[in-house]
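Note sheet for the following structure.
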Amino acid sequence: MGYHTIVIGGGVAGMQCASELLRQGVAVTILEKESELGGKIRNWHKLFPTFTPAEEVLAELRSRLISSPNLAVRTGCEAAKIASDRVVLTSGEVLECDSVVVATGFTLFDAKVKEEYGYGIYDNVITSADLERMFNEGAVRLKSGVTPRRIAILHCVGSRDEKVCQRHCSKVCCVTGVKQAMELKRMFPGADIFNFYMDIRMFGPGYEEMYREAQVDYNVHFVRGRISEVSPTIDCRLQIKAEDTLTGRPLKMAVDMLVLLVGMKSNALNENLVAECGLKAQPSGFMQPRDSFLHNVESNREGIFYAGAVTAPKNVGESMNEGTAAARAVVEWLAKR
Amino acid sequence: MKRSSWTDYQKDIADDNYYYARSCIRQNFFPGSEKVFLDILSKDLGRDIYDDPLHTSCTGIGYHSDVVPLETIMTVVARQFALMSEAGYENFTSSCITSFGIYTELLATWEEFPELEERTRENLFKATGREFKVPKNLAHTSDVMFHHREEIARKAKRKLVNVYTGEPLKVVEHIGCHYAKIFPKKGIGGSEFPYVLAGMVESWGGEIVDYPERRHCCGFGFRNYLVQANRGYSIANSQRKLESMAPYKPDFIVCNCPGCSMFLDKWQYTLAEMEGTTYGQNGAGIPVLTYEEMAGLVLGYDPWELGMQMHQVDVEPLLDKMGVEYDPSAKYLGGDGKYIGRPESAIVNSCSQEVLYKMKK
Amino acid sequence: MEISDMTFFASFCIPFIAGASIMFAVIAVKYISWLRNLPRKDWRLIAKGVFSMSTLRALWEVVRESLLHRRIFKVDARLGYMHMSLAFGWFLLIAVGWAETVAYLGFQWVPLQGHVFFKYFVPLNGITAHKPVFDFAMDFLLLFVLSGVAMAWLKRLRSRALGMRKTTNHILFDRVALSALWFVFPLRLLAESVTAAIYGGGSFLTGGLGRLLDSVMGEGALGYAYEPLWWMYSLALGIFFVAMPFSRYMHIFTEIPLIFLRHYRLRPEAMEKSYDNFEVEACSRCGICIDPCQLQSQLGINEVQSVYFLRDRRYNMLQQKIANNCLMCGRCEQVCPVGINLNTLRLNSRSSMRNIPHEGRYNYLRGVDRSLGEGRVGYFAGCMTLLTPNTMSSMKRIFEAAGEEVWWADKEGGACCGRPLMLSGEVDSARKMVEYNKSLFAKHGITTLVTSCPICLKVFREEYHLEGVEVLHHSEYILRLMEQGRLNVGREQGATFTYHDPCELGRGSGIYDEPRAVIEAVGELLEPEHTRHDALCCGSSVANTAISDAQQLKIAQGVASQLEETGAQTIVTACPLCKKAIARGATRQVADLSEIVARCIK
Amino acid sequence: MINFGFSISKPRAIDIDRNNLRKSSEITREMPELQSCIGCGSCTATCTAGNLTEFNFRKVHTLVRRGEYQGAYEEMNKCMLCGKCRLVCPRGINTRGVVMLIKRKLGDF
């Protein structure tokens, strides 16, 4: 066809979208701000609910892109201004194109903002992303080098929280918390794992079954209640306080490690998309698709499309589906034009 | 200190020319502290601070106990501000945390609801014929002390160090709830990890103890203490804090809130008399200091001049550790040198754990 | 030679004599202590029964069951033959053997070993003239017993050949006794054959085998084998006798006093008592109870069936989880050849583990009365029925159609009947519920009590002792209304039903015909493969607190599929719990009896 | 000791570190499905005893799992074992078995 589309963001949605566009004969340039493609799951260990290694998914995605002469990958660069026919990079360089897919994903919530949990203050308060890194490194250890005996996992850090202006649900943290609890339990069968949750939202196929498995077969303890504060104990552990809302009693305990399930925040770049490119965002900061049902991979501007978590928190499978859907919408639009 | 998050919460503190508002509790239970604060500011630091005889209680205790209505307290506060304006000051500093909380809260209220400020102006004018300007700068006196901590450190006669071991003294800092829990941005270091006292302690050579119940309330809670039947709840809070800090073997507790200083000090006596438990080393209580007293000791003031004989838990073990020279016999002499009498011996001061253990049996 | 000069002792007899003495001594000690500990009430029953027809009837049952094993024949003819050949055959060997001694020696006292090892003592005492008729009879009987032994071996190897899916997994001690028993008869055969070969005598079996051995081994070798074989025979008997009172074979004797005591109306009760020993030790661990157990057949749970339960209880190694893991469906009790009251024993085992309830327990029931309406007829739906509201509304329609004034005992929720607590062994606590409900019934002056729950029915009938109140299951009540012409129902054209017998209603309360009569009045009834006494349990029995939900479901699915195989459109049952359970596993409509009646009311 | 006219309030918080979790882990080991409780409350909603008293099966077993054994035995003794809760439990928990187990572990059986 001779068309050229720029895909901004080389995460799973962007990669899938690019591969689909290439398959349909559209030339693609992927702009990626990091040094290589892969996005967030590059640092992820295993994916729920199947415990598939994230690397396996990435390897397949890379292989779909690898041999195409129509593909250009520009790493280490960011888009400053977007229009349907051209993208201006922060360096000032202008790239011409026929359409643009925005697949810039999300930003991980900065756990330091919830300072009562002591992230960055106490050694063994870590985030879910840190834990995945530890899994990838092959060892989960306390700062002192010993193995944790009791671990608390706190759900909804930076999600459903007016106090940090994150009203939305990040959707994937619940099941991630369950997955990580199970992985930890596999690693340390003798350890006690406590998941502190507000609601358990097991929205996907196999998720509820996984939750149940964690409860019954892995003996993971689930306590309904948000941890309110974290303090150090004299033996360098962490004392956490919460309410066990199902018994209506305050609850406290010392744990060796606290994992904060950080939520998905709308990408910091979205503000720029609104201010500079005439695109619309939702109150949550995520981009607003043209229509939630009929045009959910299209933006309010012709020729600019969305794929993946740029519009809302999504899991890997959903992001990839949107990549495919966006590619199809691009091709249709190009043909119609 | 490991944590640096306090730097995210900074506030402007005036450097000079303060209008001083006293604290009901502090001037009654720790009168030496208010005096020494004024002395330090004016004599040691050479700052201008005005102790106005016309000002009154902010009525915060009454307000928090539901006996003073909002309109009334707003008018009282407006009068304080009017007095400040009349005296030619713009920087308001209050000795009491409750008052500080009240001033902060009312300023925020007036900002959100200007009509309330208008009505307060009318009320004040009708009642007293005065008019007021909101202060340019509002700070708690501990903020002011924090602001000058490095200068005090330079002038220090001694440090918060155990003279026998050379180790820094272990200090538990307790921040009054109304300092930053209501308006985190108005406290140095915010509400989770306030730095106002920790900053002084660290500048003056001591070491801060971070213990599990650090954030917990001292238990005063206004109504909870004022009604006798509720005092069991009040004291249980102090007990929870003391139990939590005891394993760290702190050398003393320092508070910025007069109520907290009083309750953490006096409830130790009550707990010892009720249950036979003491929380300090060597079977005694843990001395509780106001930050003014702490600064006074650092600057070389005489402990009895600081009013430290007013404490329930004897401070002599701490003075010994710090190498402070004092006249033991002068402890109970009044300003005129006359003997003012001494309290009866109390478990919190005199008994070792072993004796207690036997008593309990 | 004079008989008085005859010798009836040889050193090889010592194991036999010792074994037999120990056996009789131990059995005597056991029986005496059990009898001594019987409660006074039981003694009175014995005194009343011993000089009555009961004794004769008991004697007849002993012949039927202890020797001929009629009940096992009912289970499976091959199995029956096996048990009969061993028991009756051995009995006859002893009896005919005794007659043989008499025939040779006249009525004369001969020591026990003289009878048992008669063939050995014949040549020893110079008796040369043989009595071929006895030789033949004894050989024939020996062959009879040996055929049983052969079948027992076969059963160990291939139980299905004898109609058993699964046989008992025995403990080591039983295996020793079993092996000794298996060797007794082959060794006897060999010893007698060798004797016949050397000294003559013996019929087709011992004589024949003797001649064969003679031709194969030669006389010298036989001479060497002669004494050792008799030794081994005696030793096998001795070992068996010593092991017997401590092993499953204690049943051989214990079943006999048990039959007598049972005819004198002794029964196990809610609390353990001395009589239980007779029942427990009368278990032969034949394992017939294993196959009907759905915990085994559906869930593959072993080691909990009655045979194991009784074994563990007998050896004082009963674990709570074994006692608790039973549906108490009564299917095993139905087939037990010894007729042991398995459910009651299981219950009183649970009871012995219970706690002593506090005085004030369940005091919250005091003064509570949430009942509705007025009438001489009381309707107690039962807790579970509250979760099957269709049953409730159908009963309401039936009552209205019949013009019955009804007092609704628990429509708005009431106290439990107490049976679930009893089934869990908390008999004393259950009494509180019994007292509460009784006072409620008395307060409202009912004369008939109808319930839709067979669990409640059983406890109302057996434990409540409601004077002047007739207790009916709704199936009985509905049938009665129809018979009295107070309830007119029409047939549903072409409607086919199958019926699931609830355990507590069928085997538990003997109500099989009434629900069937009701169903046949409204449509066609198709019987499933397992029905009436042999009906399966739905798996949700309140008696079992051990199995999981998934396991309950599996049992229910098994039952449902069997019911669906009948091709009936609707599965009918008469218990709310069964209905709930079967509905989980069924693809067809499951209805309570009352529902199909209510919708056919004219 | 001096009487000041009041007594010190006891803490209400569940202190996992102070509680002895041995019995609780025995209970969850024997009945792992108990951990799958999602707190829906249908057991208590249908419970006869729960409608006449404060008895709350869900709350009691949750407290027991947290090592709060005080009073659990007496509470469980309010249960009549009728089994309605087992019929309604969406997680398929063997509730009657749980009652028996908790009574056995924490009572004087």
Side-chain angles (χ1 to χ4, degrees), chain C residues 320-321 324-325 350 353-358 360-366 368 370 382-388 410 412-426 429-430 432-433 436 453 455-456 540-553 576-577 580-581 584, chain D residues 26-38 40 42-57 61 71-109:
Chain C
Q320 197 133 25
K321 60 180 182 198
N324 283 344
N325 203 351
R350 291 180 183 179
M353 295 167 180
R354 92 206 186 288
N355 61 339
I356 308 297
H358 180 264
R361 192 179 296 179
Y362 303 115
N363 267 357
Y364 60 79
L365 291 172
R366 205 178 275 163
V368 172
R370 299 171 149 198
C383 299
M384 298 298 180
T385 312
L386 297 178
L387 293 172
T388 55
D410 58 348
E412 296 295 314
C416 173
C417 64
R419 181 145 171 89
L421 274 171
M422 286 183 181
L423 289 171
S424 302
E426 298 206 47
S429 292
K432 299 264 184 186
M433 253 126 271
Y436 166 79
C453 177
I455 304 165
C456 304
S540 282
S541 163
V542 285
N544 190 312
T545 52
I547 58 172
S548 72
D549 188 61
Q551 290 172 315
Q552 286 190 334
L553 179 62
L577 201 48
K580 280 259 175 201
R584 292 179 73 188
Chain D
E26 278 174 19
I27 287 166
T28 46
R29 197 165 44 240
E30 276 192 43
M31 206 78 88
E33 71 217 55
L34 185 55
Q35 286 283 56
S36 75
C37 173
I38 45 174
C40 73
S42 43
C43 48
T44 304
T46 196
C47 177
T48 306
N51 280 296
L52 295 172
T53 70
E54 296 277 295
F55 175 55
N56 183 325
F57 171 69
H61 81 64
Y73 172 71
E74 288 78 17
E75 278 301 301
M76 282 305 187
N77 273 328
K78 290 180 179 161
C79 166
M80 297 192 259
L81 279 182
C82 74
K84 278 167 82 184
C85 48
R86 187 169 187 183
L87 280 187
V88 298
C89 177
R91 300 294 263 189
I93 295 169
N94 176 1
T95 54
R96 303 174 73 248
V98 170
V99 172
M100 296 297 290
L101 183 62
I102 289 179
K103 290 198 336 180
R104 222 162 42 232
K105 291 279 180 200
L106 303 180
D108 49 1
F109 267 76

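If you're wondering where the values come from, they're calculated on a predicted model, not measured in any experiment. Letters A, B, ... mirror the listed sequences (proteins, then strands); counts begin at 1.
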- C/V542 portion near chain D, given a 4.5 angstrom heavy-atom threshold: both
- C/L423 portion near chain D, given a 4.5 angstrom heavy-atom threshold: neither
- Query: What part of C/N544 is in contact with chain D, defined as an atom under 4.5 angstrom from a non-hydrogen atom: side chain, backbone, both or neither?
  - Reply: backbone
- Item | Set of side-chain contact (heavy atoms from CB on, under 4.5 Å) partners for D/E30, sequence neighbours left out | D/L101, D/R104, D/K105
- Query: Residue by residue, which of residues 78-85 of chain D have a heavy atom closer than 4.5 Å to a heavy atom belonging to chain C?
  - Reply: D/K78, D/C79, D/M80, D/L81, D/C82, D/G83, D/K84
- Qualifying residues under side-chain contact (heavy atoms from CB on, under 4.5 Å), relative to C/K432, sequence neighbours excluded: C/Y362
- Out of D/V88, D/T53, D/V99, which one racks up the most heavy-atom pairs below 4.5 Å with chain C? D/T53
- Using non-hydrogen atoms and a 4.5 Å limit, figure out which bit of C/L387 sits close to chain D: side chain, backbone, both or neither. side chain
- Query: Which distance, rounded to the nearest 0.5 Å, do you find between the OG of C/S429 and the NZ of D/K103?
  - Reply: 5.5 Å
- Heavy-atom donor-acceptor pair, C/D549 side chain to D/R91 backbone, under 3.5 Å: no
- Most chain D-contacting option - heavy-atom pairs closer than 4.5 Å, from C/G414, C/C383, C/S548, C/A546: C/C383
- Message: Taking side chain as everything from C-beta outward and backbone as N, CA, C, O, which of these in C/R419 sits under 4.5 Å from a heavy atom of chain D? Side chain, backbone, both or neither.
- Response: neither
- Segment of C/L386 engaging chain D (4.5 angstrom heavy-atom cut-off): side chain
- Note on the structure: Distance col, row D/M100:CE vs C/Q320:CD, nearest 0.5 angstrom, shows 7.0 Å
- Query: Can you name the residues that form a side-chain contact (heavy atoms from CB on, under 4.5 Å) with D/T28, not counting sequence neighbours?
  - Reply: A/N219, D/S25, D/Q35, D/R65
- Do you know which two heavy atoms are closest between D/N94 and C/I547, and how far apart they sit? ND2-O, 3.3 Å
- Task: Could you have a look at D/R86, D/E74, D/M31 and say which one has the most heavy-atom pairs with chain C under 4.5 angstrom?
- Result: D/R86
- Message: Please classify the contact between C/A550 and chain D as side chain, backbone, both or neither, with a heavy-atom cut-off of under 4.5 Å.
- Response: neither
- Item | Portion of D/T46 that has a non-hydrogen atom of chain C nearer than 4.5 angstrom | side chain
- Message: How close do D/N51 and C/R370 get, counting heavy atoms only, and between which atoms?
- Response: O-NH2, 3.5 Å
- Identify which part of C/L553 has an atom lying under 4.5 Å from any heavy atom of chain D, answering side chain, backbone, both or neither. neither
